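Have a look at the structure below, then the notes.
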Amino acid sequence: MATRLTVNGTPVTLDVNPDMPLLWALRDHLKLTGTKFGCGIAQCGACTVMLDGVPTRSCVTPVAAVEDAEVTTIEGIQGDAAHAVQKAWADLNVAQCGYCQSGQVMVATELLQNIPKPSDEEIDAAMGGNICRCATYARIRKGVRAASDALEA
Amino acid sequence: MLVEAAARLWSVPAGEITVTAGVVRHAASGMSSGFGAIAERAAGLEMPQNVTLKDPADFTLIGAEGITRLDAVEKARGLATFTIDVMRDEMQVVAVLHPPKFGAKVASFDPVEALDVSGVLAVREIPSGIAVYAVDTYSALRGREALVAAWDESAAETRSSEEIEAEFIAAARAPATVSEETGDVEAALSESAQTFEAEYVFPYLAHAAMEPLDGVVEWTPERAEIWSAIQIPTVAGPVFSAALGVAEDAVSVHTMYAGGSFGRRATASGQFEAELAAVAAAGGPGAYKLQWTREDDMTQGYYRPLTVHRLRAGLDTDGNITGWDNTIVNQSIAFGTIFEQTVMNDGVDRMAVEGSVDLPYGLPRRRVSWAQMINPVPVLWWRAVGHTHTAYATETFLDELLAAAGRDAVQGRLELITPDRARDRAVLERVADMAAWSGPGNGDRRLGVALHKSFGSYVAQIAEVENRDGAPHVTRVWCAVDCGVAVTPDIIRAQIEGGIGFGLSAALYEQLTLEPGGTVRERNYDSYRVLGLEDMPQIIVDIRPSTDIPTGVGEIGTPPIAPAVANAWRSFTGETPRRLPMIRA
């Protein structure tokens with residue numbers, strides 16, 4: 001059973017079990033390994049991808065649910081917000097182990113695309129669902145603010 | 001010697017040669033060289049007797065700000081390669097069904113339904129469980145779900161953590177092996193005007209690093225390559241050599257980025273490495289990725305030991321501490337491992353008592369003892385090791401004694417600090433300045449302080465805490481650190497911030513529980529709660545200028561936060577939480 005979708009702007013056909021979580025299809029079959037496995041039950045956010053522009057936990061999203069959809073992974077995000085976030089992340093030494101940061105960057109990018117000047121409450125609300133076991137949270141907040149400032153400049 | 005070699009090579013005075021960014025240069029003649037090109041020449045020179053180190057004022061990299069991590073860009077772009085990202089040709093992905101209790105073993109299993117799952121290639125028994133080999137991760141996981149197994153629980157730990165805890169508490173009330181003792185503590189306590197006693201219970205804790213344990217092996221009878229974030233590759237090499245029958249010098253271990261570890265990827269037993277080797281050996285030459293799920297990672301042990309402290313102390317009529325007695329009860333991390341000889345002194349595991357001995361405070365009559373418990377639950381160092389519980393018990397109990405004596409928590413500590421502990425004193429004074437300390441306060445936000453030395457570094461913290469619907473919420477933390485020469489200040493601040501978050505996570509939320517019967521209750525982040533962004537306080541770090549040798553940084557932020565929070569919280573409730581975590585589901 002083949003599932004057709006667009007991944008990072010490229011049409012792809014996934015010939016896998018339609019019940020397979022998108023996470024494993026991306027990683028094992030499309031070799032897009034930037035999206036990470038952390039919990040498998042949508043609790044940590046390490047597997048976050050954009051599904052038709054909406055941050056989505058790929059570990060609980062079956063391939064069957066993404067037929068004809070547009071999926072963007074950390075490897076494919078583009079635009080001013082993405083670049084501002086990634087630059088702020090590097091400049092501020094946000095990452096420690098770095099394993100969760102693909103998911104953090106995805107959510108931060110989507111936040112700034114929708115709300116270019118988020119309040120502290122909006123940052124906490126948007127980023128609050130992504131676990132970072134290194135507890136880089138203070139710098140994640142700083143990174144979002146710095147990226148926001150850079151977008152305004 | 002490189003300069004001297006260059007001077008001779010170029011026939012110029014050594015004093016005119018400069019060294020910058022790895023290049024040896026003589027400006028006047030325009031000569032320059034990398035280190036490598038003159039290394040051999042330099043090695044042939046006589047070793048100088050006296051070497052003058054660079055004046056700290058001339059440092060260009062040590063202590064410099066604005067330096068970013070080498071991995072910062074790739075980690076922001078999802079391009080860093082972790083173990084889970086390693087893909088080899090014809091690689092099989094393996095999931096292992098583990099026994100449900102510690103010490104249990106496979107009794108029997110039926111692979112038929114697992115083998116029926118599309119993509120499953122084989123099912124094999126290995127010493128640690130039943131391994132399902134498949135073409136990809138999803139198939140391996142589905143195959144594992146389909147396995148039918150029966151377990152031999154004759155040697156298993158079937159007690160709940162509550163039952164284990166009761167055994168530990170009983171041991172804490174009995175005499176134990178003395179680790180540190182001066183003066184007659186019992187006499188001191190009996191002469192006291194007032195005596196105090198408290199029992200503390202600290203749960204088992206999982207490391208819960210974001211990347212579950214994983215590893216890749218590719219091997220032939222001639223050579224083996226391993227990719228894994230193994231923290232002790234010297235333990236791993238022989239494990240693979242023995243299991244695969246490949247000569248030790250033909251085993252290469254690629255040490256990968258760790259998707260977090262906090263100690264978990266450094267087992268003296270080589271637990272995960274042994275399973276990975278067994279998977280590869282049972283499968284025969286080829287390539288294999290062993291992928292643990294979150295549930296494997298959380299239920300397969302190697303926890304911060306469940307620990308009980310029993311403290312007793314007395315005050316005289318002037319409010320001075322007369323005696324101090326601390327009995328610590330837990331499993332030994334070192335016992336039965338290659339570290340036992342170096343870590344176990346006179347029957348005491350130093351990692352169990354560290355942070356409760358060698359205190360900065362002058363307590364002339366004191367005793368610290370330890371009782372070792374033995375059971376099949378594997379235990380391990382967890383960021384800051386023994387300090388994760390000793391700092392809490394010591395610094396909260398002391399805080400209560402000072403309060404009972406009518407003394408200020410900072411001033412009272414300063415009065416107790418012995419003259420030889422100037423660095424402890426300095427960080428405490430500094431943090432009090434940073435937070436404008438004048439006691440815990442009585443408003444909506446209360447302050448608490450803690451001081452703790454670990455890994456050679458000195459740390460004092462003040463936590464600002466709110467009472468949010470009956471539970472502590474930490475809004476700000478001030479932290480003064482003396483870790484000797486601060487080589488990379490921004491990385492140090494980042495480690496302190498993360499260390500505080502890690503300690504706060506355990507203080508507020510974390511516990512790993514054995515259910516009656518011995519199964520692990522918390523199997524994923526839905527039940528094993530860790531700190532989220534919304535709980536992260538603002539953190540202000542000050543690194544003290546120092547010319548002392550650089551000391552630990554990665555773990556030192558963790559120990560003081562829980563007692564600092566508890567001491568602030570006591571100002572609201574009148575009571576110290578005797579049991580962590582403070583917030584339980």
Side-chain angles (χ1 to χ4, degrees), chain A residues 16-17 19-21 23-25 27-29 31-44 46 73-75 77 85-102 104-106 123-125 127-141 143, chain B residues 67-69 71-82 84-87 93 118-119 135-139 141-142 207-212 257-262 291 293-295 490-491 494-495 497-502 504-505 524-526 530-539:
Chain A
V16 300
N17 184 332
D19 293 335
M20 180 184 290
L23 169 69
W24 297 119
R27 294 184 51 83
D28 286 353
H29 294 271
K31 311 296 181 205
L32 292 169
T33 55
T35 306
K36 295 294 191 266
F37 166 61
C39 68
I41 58 167
Q43 288 287 312
C44 78
T73 69
I74 184 74
E75 292 91 346
I77 52 166
V85 167
Q86 288 174 322
K87 181 172 189 316
W89 248 240
D91 289 349
L92 295 172
N93 286 322
V94 172
Q96 289 185 23
C97 92
Y99 192 79
C100 74
Q101 297 296 348
S102 295
Q104 307 281 2
V105 166
M106 295 302 282
I123 294 173
D124 280 20
M127 306 300 304
N130 282 56
I131 295 174
C132 173
R133 189 61 172 141
C134 305
T136 65
Y137 300 123
R139 288 178 190 232
I140 287 172
R141 284 185 181 131
Chain B
I67 293 177
T68 53
R69 298 169 55 120
D71 57 0
V73 170
E74 58 177 342
K75 285 182 174 175
R77 296 176 62 191
L79 299 175
T81 303
F82 294 84
I84 196 173
D85 305 328
V86 173
M87 307 280 175
V93 181
S118 131
V135 295
D136 60 16
T137 314
Y138 181 62
S139 307
L141 297 178
R142 281 187 69 220
H207 301 74
M210 297 302 299
E211 181 184 16
Y257 281 139
S261 173
F262 316 109
Q291 183 62 55
T293 58
R294 173 60 46 205
E295 290 80 5
D490 196 51
I491 304 299
Q495 285 297 311
E497 291 161 13
I500 289 172
F502 201 80
L504 185 57
S505 185
N524 206 318
Y525 291 125
D526 54 346
V530 299
L531 195 83
L533 177 129
E534 66 281 5
D535 291 317
M536 189 70 179
Q538 184 190 348
I539 296 172

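These values consider heavy atoms only, across backbone and side chains, with no hydrogens, waters or symmetry-generated copies. No experiment lies behind these values; they were computed from the predicted model shown. Below, read A as the first sequence line, B as the second, and so on, with proteins coming before strands; counting in each chain starts at 1.
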(request) Go through A:Cys44, A:Gly98, A:Ala25 and name the one with the most non-hydrogen pairs under 4.5 angstrom from chain B. (result) A:Gly98
(request) Taking all heavy atoms of A:Gln86 and all of B:Arg77, pick out the closest pair and write down the distance. (result) NE2-CA, 3.5 Å
(request) Give, for atom CZ of B:Phe262 and atom SG of A:Cys134, the distance between the pair rounded to the nearest 0.5 Å. (result) 4.0 Å
(message) Rounded to the nearest 0.5 Å, what separates atom OH in A:Tyr137 from atom CG in B:Leu504?
(response) 10.5 Å
(message) Counting heavy-atom pairs closer than 4.5 Å to chain B, which one of A:Gln96, A:Glu75, A:Gln101 comes out on top?
(response) A:Gln96
(message) Is B:Leu141 close to chain A through its backbone or its side chain, or both, or neither, when contacts mean heavy atoms under 4.5 Å?
(response) side chain
(request) Against chain B, work out which of A:Gly38, A:Ser102, A:Gly34 has the most heavy-atom pairs shorter than 4.5 Å and name it. (result) A:Gly38
(message) Less than 4.5 Å to any heavy atom of chain A: does that hold for the side chain of B:Gln495, its backbone, both, or neither?
(response) both
(request) Can you see which heavy atom on B:Asp490 is nearest to which on A:Leu92, and at what distance? (result) OD2-O, 4.2 Å
(request) Rounded to the nearest 0.5 Å, what's the gap from CH2 on A:Trp24 to CZ on B:Arg142? Could you check? (result) 15.0 Å
(message) With rounding to the nearest 0.5 angstrom, report the SG to NZ distance, A:Cys97 to B:Lys75.
(response) 6.5 Å
(message) Using heavy-atom distances under 4.5 Å, tell me whether A:Lys87 contacts chain B through its side chain, its backbone, both, or neither.
(response) neither
(request) Answer whether the closest heavy-atom distance between the side chains of A:Gln43 and B:Val530 falls below 4.5 Å. (result) no
(message) Once rounded to the nearest 0.5 Å, what's the spacing between atom OH of B:Tyr138 and atom CG of A:Asp28?
(response) 12.5 Å
(message) Looking at chain A, which one of B:Gly119, B:Ala80, B:Gly501, B:Ala72 has the largest number of heavy-atom pairs inside 4.5 Å, strictly under?
(response) B:Ala72
(message) Below 4.5 Å, heavy-atom pairs only: which of B:Ser261, B:Pro212, B:Gly260, B:Ser505 has the largest tally toward chain A?
(response) B:Pro212
(request) Give the minimum heavy-atom separation between B:Arg294 and A:Phe37, together with the two atoms involved. (result) N-CZ, 4.1 Å
(request) Give a yes or no on whether the backbone of B:Met536 and the side-chain of A:Arg141 come within a donor-acceptor separation of less than 3.5 Å. (result) yes
(request) Could you have a look at B:Thr137, B:Thr68, B:Asp71 and say which one has the most heavy-atom pairs with chain A under 4.5 angstrom? (result) B:Thr137
(message) Which one wins on heavy-atom pair count under 4.5 Å against chain B: A:Met106, A:Met127, A:Lys31, A:Arg139?
(response) A:Arg139
(message) With chain B as the partner, which of A:Cys132, A:Ala46, A:Gly128, A:Gly129 has the greatest number of non-hydrogen pairs under 4.5 Å?
(response) A:Gly128
(request) Give, as side chain, backbone, both or neither, the part of B:Tyr257 having an atom under 4.5 angstrom from any heavy atom of chain A. (result) neither
(message) Using heavy-atom distances under 4.5 Å, tell me whether A:Asp19 contacts chain B through its side chain, its backbone, both, or neither.
(response) both
(message) Can you tell me which portion of B:Met210 sits under 4.5 Å from chain A's heavy atoms? Options are side chain, backbone, both or neither.
(response) both
(request) Would you mind checking which part of A:Ile77 comes under 4.5 Å of any heavy atom in chain B, side chain (CB onward), backbone (N, CA, C, O), both or neither? (result) neither
(message) Assess whether a salt bridge exists between B:Asp85 and A:Lys36, defined as any Lys/Arg side-chain N lying under 4.0 Å from an Asp/Glu carboxylate O.
(response) yes
(message) So does B:Ile84 get a backbone contact from the side chain of A:Arg27, meaning a donor-acceptor N/O pair under 3.5 Å?
(response) yes
(request) Mark yes or no for whether A:Asp124, through its side chain, and B:Glu534, through its backbone, hold a donor-acceptor pair below 3.5 Å. (result) no
(request) Tell me, out of A:Ile41, A:Val94, A:Asn130, A:Thr136, who's got the most heavy-atom pairs with chain B below 4.5 Å. (result) A:Ile41
(request) Identify the two heavy atoms, one from A:Trp89 and one from B:Ala76, that lie closest to each other, and give their separation to 0.1 Å. (result) CB-CB, 3.8 Å
(request) Please report the closest heavy-atom contact between B:Val73 and A:Ala90, naming both atoms and the distance. (result) CG2-CB, 3.9 Å
(request) Pick one of side chain, backbone, both or neither for A:Ile140, based on which atoms fall under 4.5 Å of a heavy atom in chain B. (result) side chain
(request) Go through the atoms of A:Ile123 and report whether side chain, backbone, both or neither lie under 4.5 Å from a heavy atom of chain B. (result) backbone
(message) So for B:Leu531, is it side chain, backbone, both, or neither that comes closer than 4.5 Å to the heavy atoms of chain A?
(response) both
(request) For each of B:Gly532, B:Pro537, B:Ala258, tally heavy-atom pairs with chain A at distances under 4.5 Å, and name the one with the top tally. (result) B:Gly532
(request) Please name the pair of heavy atoms, one in A:Arg133 and one in B:Ala209, separated by the smallest distance, quoted to 0.1 Å. (result) CG-CA, 4.1 Å
(message) Nearest 0.5 Å, please: how far is SG in A:Cys39 from CD in B:Glu295?
(response) 8.5 Å
